[in-house]
There are 2 protein chains.
Amino acid sequence: MKQEYDQSNILDCPIADVQQIIHGKWAMVVIFYLRDSTLRFGELSRKMPQVTQANLTKELRALEKFGLVHREVYKVVPPKVEYSLTDIGQRFIPVIEALETWAIDYKNTGHVTQ
Amino acid sequence: MKQEYDQSNILDCPIADVQQIIHGKWAMVVIFYLRDSTLRFGELSRKMPQVTQANLTKELRALEKFGLVHREVYKVVPPKVEYSLTDIGQRFIPVIEALETWAIDYKNTGHVTQ
DNA sequence: CCGTATCCAGAGAGATACTG
DNA sequence: CAGTATCTCTCTGGATACGG
């Protein structure tokens with residue numbers, strides 16, 4: 001039988017909490033693309049062709065649930081849905097920027113992913 | 001049959017590359033604990049009681065493989081193994097710090113994980 | 001003390017087809 | 001246009017036991 005443990009207080013380490021929110025494979029990439037502008041579902045989807053619509057929807061729903069992304073539905077035909085970062089979502093941008101800096105550094109020092 | 005695709009060039013988005021490296025559940029937590037000092041395996045293990053030894057080993061091997069963590073083995077009895085951040089590993093610390101700042105912000109604005 | 005070797009279960013990522 | 005609905009399948013995290 002699987003052992004029970006309290007996922008809400010994994011460690012006295014704030015990083016572990018973040019992991020709860022940003023564990024999706026495409027979570028940070030979505031935030032990356034939304035940082036400058038509001039995007040429609042199709043626009044986002046075209047920027048991330050490797051992600052299926054189903055998975056993109058799941059990721060967006062997760063980010064919405066955790067309050068990082070706002071979903072605005074327009075009652076028009078054809079349907080129009082726009083995604084944008086919330087306030088706390090915007091405050092995540094410095095993390096993305098630090099990550100970008102590091103990624104470039106990583107490549108420039110001869111490291112390779114995979 | 002599963003379709004082949006090039007994982008090394010997923011998107012023209014540097015964040016996607018980082019995801020290749022930092023996808024382990026405990027990767028960032030390990031870096032968090034190693035940022036100030038070199039730690040022995042047992043010390044690290046005690047700081048992260050939720051992680052089994054097997055998984056901690058796996059994560060450390062992965063981080064070593066990607067060049068973020070250095071593993072120093074002392075040929076003594078009993079065995080002594082020390083882990084520390086490499087140069088490129090140290091340069092990841094700003095990301096961790098940005099993440100910490102955000103995590104605190106996230107909680108202070110009434111958000112909850114889970 | 002610091003691991004390795006197995007095994008298993010579940011989450012999640014992908015493919016595909018369909019709908020208001 | 002912007003999703004659902006399924007189904008599969010891999011990955012990896014967790015449990016447990018053993019080894020130099």
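Note: hydrogens, waters and symmetry copies are ignored here, and every other heavy atom, side chains too, is used. Reminder, nothing fancy here: chain letters follow the sequence lines and each chain counts from 1.
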Taking for A/A54 and for A/E82 the nucleotide of DNA chain D with the nearest heavy atom, the one nearer the 5' end belongs to A/E82
Which value, rounded to the nearest 0.5 Å, describes the distance between [X] atom [atom1] and [Y] atom [atom2]?
{"X": "B/L60", "Y": "B/Q53", "atom1": "CG", "atom2": "CD", "result": "11.5 Å"}
{"X": "B/R46", "Y": "B/L39", "atom1": "CZ", "atom2": "CG", "result": "9.5 Å"}
{"X": "A/W102", "Y": "B/I96", "atom1": "CH2", "atom2": "CD1", "result": "10.0 Å"}
{"X": "B/R71", "Y": "B/T57", "atom1": "CZ", "atom2": "OG1", "result": "8.5 Å"}

When all nucleic acid strands are considered with a 4.0 Å heavy-atom cut-off, which category describes A/Y83: base, sugar-phosphate, or nothing?
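Since only primed, P, OP1 and OP2 atoms lie under 4.0 Å of A/Y83, the category is sugar-phosphate.
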In whole angstrom, give the distance that lies between atom [atom1] of [X] and atom [atom2] of [N].
{"X": "A/Q50", "N": "C/dA15", "atom1": "CD", "atom2": "C1'", "result": "15 Å"}
{"X": "A/Y74", "N": "C/dG20", "atom1": "OH", "atom2": "C1'", "result": "20 Å"}
{"X": "B/E43", "N": "C/dG3", "atom1": "CD", "atom2": "P", "result": "13 Å"}
{"X": "A/K25", "N": "D/dT12", "atom1": "NZ", "atom2": "P", "result": "9 Å"}
{"X": "B/M48", "N": "C/dG3", "atom1": "CE", "atom2": "C1'", "result": "16 Å"}
{"X": "A/E59", "N": "D/dT4", "atom1": "CD", "atom2": "C1'", "result": "17 Å"}
{"X": "A/F41", "N": "C/dG20", "atom1": "CZ", "atom2": "P", "result": "18 Å"}
{"X": "B/E72", "N": "C/dG3", "atom1": "CD", "atom2": "P", "result": "12 Å"}

Is there a side-chain contact between [X] and the phosphate of [N], meaning an N or O under 4.0 Å from OP1 or OP2?
{"X": "B/N55", "N": "D/dG13", "result": "no"}
{"X": "A/R71", "N": "D/dA2", "result": "no"}
{"X": "A/R61", "N": "D/dT4", "result": "yes"}
{"X": "A/R40", "N": "D/dC1", "result": "no"}

Start at the 5' end of DNA chain C and walk down; is the nucleotide closest to A/H23 or to A/P79 reached first?
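Result of the comparison: A/H23.
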When you get a sec, tell me which of [options] is the closest nucleotide to the side chain of [X]?
{"X": "B/T57", "options": "D/dC1, C/dG3, D/dG3", "result": "C/dG3"}
{"X": "B/K58", "options": "D/dG14, D/dA2, D/dT16", "result": "D/dG14"}
{"X": "B/Q53", "options": "C/dC2, D/dA15, D/dG13", "result": "C/dC2"}

NZ/NE/NH1/NH2 to OD/OE distance under 4.0 Å, A/E72 and A/R40:
no
